[in-house]
Amino acid sequence: MDLVDGNYELREIQKLQGHTDRVWSIAWNPASGTGDIPPVFASCSGDKTVRIWEQSPSSRFWDCKAVLEETHTRTVRSCAWSPSGKLLATASFDATTAVWENIGGDFECVSTLEGHENEVKSVSWNASGSLLATCSRDKAVWIWEVMPGNEFECVSVLQGHKQDVKMVKWHPTMDILFSCSYDNTIKVWAEDGEGDWCCVQTLSEPNSGHTSTVWALSFNAEGDKMVTCSDDLTLKIWETDIGRMVSGDVRTPWTHVCTLSGYHDRTIFSVDWSREGIIASGAADDAIRFFVESKDGLVNGPTYKLLLKSEKAHDMDINSVQWGPGENRLLASASDDGTIKIWELATIS
């Protein structure tokens with residue numbers, strides 16, 4: 001059955017409490033949730049802590065397995081697991097990024113990355129786990145190379161944004177980095193073959209770009225499409241020639257496909273594209289929306305339609321929505337109300 005043709009409802013599975021301040025970000029462990037390994041995710045908060053949550057195989061309920069604290073001295077804004085699921089990177093307003101290793105069930109801070117002048121806003125691992133990117137209110141993007149013995153070496157400091165950089169995200173298969181900013185732009189960064197990183201494209205107005213802060217971005221499973229969300233109350237879909245990119249042309253352009261507007265009436269903070277093609281968005285209107293590609297109107301390129309909306313998903317702003325790694329349609333959302341909710345996007349027969 002086509003995704004567009006289904007009837008869906010968003011079922012709240014569990015509300016997780018424990019953080020004592022707003023929850024900024026969630027990250028599912030990519031090595032969990034398949035086979036016999038129960039799903040695991042991390043959450044980070046204004047309370048300066050990171051929490052590790054795991055689903056019990058017997059009860060199916062989620063429990064907090066660990067609280068990572070006393071490392072960051074200010075808000076923890078972003079967290080990301082390495083592709084192997086062994087390391088967790090956390091970015092903080094204290095201008096540092098910490099890297100944690102799960103050693104026999106205990107999380108130890110094995111590295112602290114310093115260099116940004118002020119708040120670190122986002123952290124992202126590349127597909128192989130060999131590179132880590134961070135970005136900050138200092139307008140810079142840093143690329144770190146993972147060295148033996150949990151050492152990290154800064155290999156590039158990327159200057160190009162004119163304002164606070166809100167998010168960095170690696171392409172799902174290629175070593176190409178994307179950053180979005182308070183300056184209303186998305187920048188695409190790649191290595192030039194000489195070992196130097198440079199900006200190969202800027203997605204902005206007047207070329208169908210956003211007209212206000214770009215908060216987040218996400219890729220589809222194939223990596224040939226990207227969705228971005230903004231303070232301008234829109235979601236934008238972009239696409240590229242993935243074949244050309246894979247063949248080595250890092251300058252393959254991304255072009256605007258369509259704009260989704262009129263669905264959220266306050267800033268859209270988070271967007272995530274599921275492996276099967278469902279886009280989830282979370283916003284300051286306390287709502288979660290779901291979109292899928294519609295097969296209508298392909299003459300003018302693809303269009304996207306609203307699949308489902310959940311109005312009062314949280315009591316306050318929704319800062320992060322993230323699809324789980326398993327086969328079932330699990331979604332986690334994090335909010336200014338201090339809670340995390342686990343949802344299932346269920347098909348109604």
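Being a predicted model, the structure only gives us computed values, none of them experimental.
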Checklist entry - What orientation do Trp142 and His116 show, parallel under 30°, tilted 30 to 60°, or perpendicular over 60°? => result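 Plane angle between 30° and 60°, so tilted.
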Checklist entry - Should the pair Trp62 and Trp28 be assigned to parallel (<30°), tilted (30 to 60°) or perpendicular (>60°) ring geometry? => result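 Perpendicular, since the angle between the ring planes exceeds 60°.
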Could you verify whether a donor N or O on one side chain and an acceptor N or O on the other, from [X] and [Y], lie under 3.5 Å apart?
{"X": "Thr267", "Y": "Asp231", "result": "yes"}
{"X": "Ser128", "Y": "Ser130", "result": "yes"}
{"X": "Ser320", "Y": "Trp24", "result": "no"}
{"X": "Ser58", "Y": "Ser56", "result": "yes"}
{"X": "Trp215", "Y": "Ser270", "result": "no"}
{"X": "Thr347", "Y": "Arg329", "result": "yes"}
{"X": "Asp106", "Y": "Asn102", "result": "no"}
{"X": "Ser136", "Y": "Asn118", "result": "yes"}
{"X": "Lys236", "Y": "Thr228", "result": "no"}
{"X": "Ser111", "Y": "Asn150", "result": "no"}

Write down the atom of [X], the atom of [Y], and the distance for their closest heavy-atom approach.
{"X": "Gly18", "Y": "Arg51", "result": "O-NH2, 3.3 Å"}
{"X": "His210", "Y": "Cys229", "result": "NE2-N, 4.2 Å"}
{"X": "Val141", "Y": "Val168", "result": "CG1-CG1, 3.8 Å"}
{"X": "Arg77", "Y": "Val120", "result": "CB-O, 3.8 Å"}
{"X": "Ile342", "Y": "Leu330", "result": "CG2-CD2, 4.0 Å"}

Approximate separation, where rounding is to 0.5 Å, of [X] [atom1] and [Y] [atom2]:
{"X": "Thr71", "Y": "Glu108", "atom1": "OG1", "atom2": "CD", "result": "10.5 Å"}
{"X": "Ile278", "Y": "Trp323", "atom1": "CD1", "atom2": "CH2", "result": "4.5 Å"}
{"X": "Asp286", "Y": "Arg266", "atom1": "CG", "atom2": "CZ", "result": "7.0 Å"}
{"X": "His171", "Y": "Met226", "atom1": "NE2", "atom2": "CE", "result": "9.0 Å"}

Checklist entry - Are Phe178 and Trp254 close enough that their ring centres sit under 6.0 Å apart? => result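 Under 6.0 Å, so yes.
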Next on the checklist: Atom CZ of residue position Phe290 - does it have more than 12 heavy atoms of other residues, nucleotides or ligands inside 6.0 Å?
Outcome noted: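 Yes.
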Checklist entry - Near Lys48 NZ, under 6.0 Å, is it more than 12 heavy atoms from other residues, nucleotides or ligands? => result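 No, because the 6.0 Å sphere around NZ of Lys48 holds 12 heavy atoms or fewer from other groups.
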Ion pair [X]/[Y], N-O distance below 4.0 Å:
{"X": "Asp94", "Y": "Arg74", "value": "no"}
{"X": "Glu311", "Y": "Arg289", "value": "yes"}
{"X": "Lys121", "Y": "Asp164", "value": "yes"}

Checklist entry - Tyr263 and Leu331: same hydrophobic cluster, using ILVMFWY side-chain contacts below 4.5 Å? => result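 No; tracing contacts between hydrophobic side chains, which count when under 4.5 Å, never links both residues.
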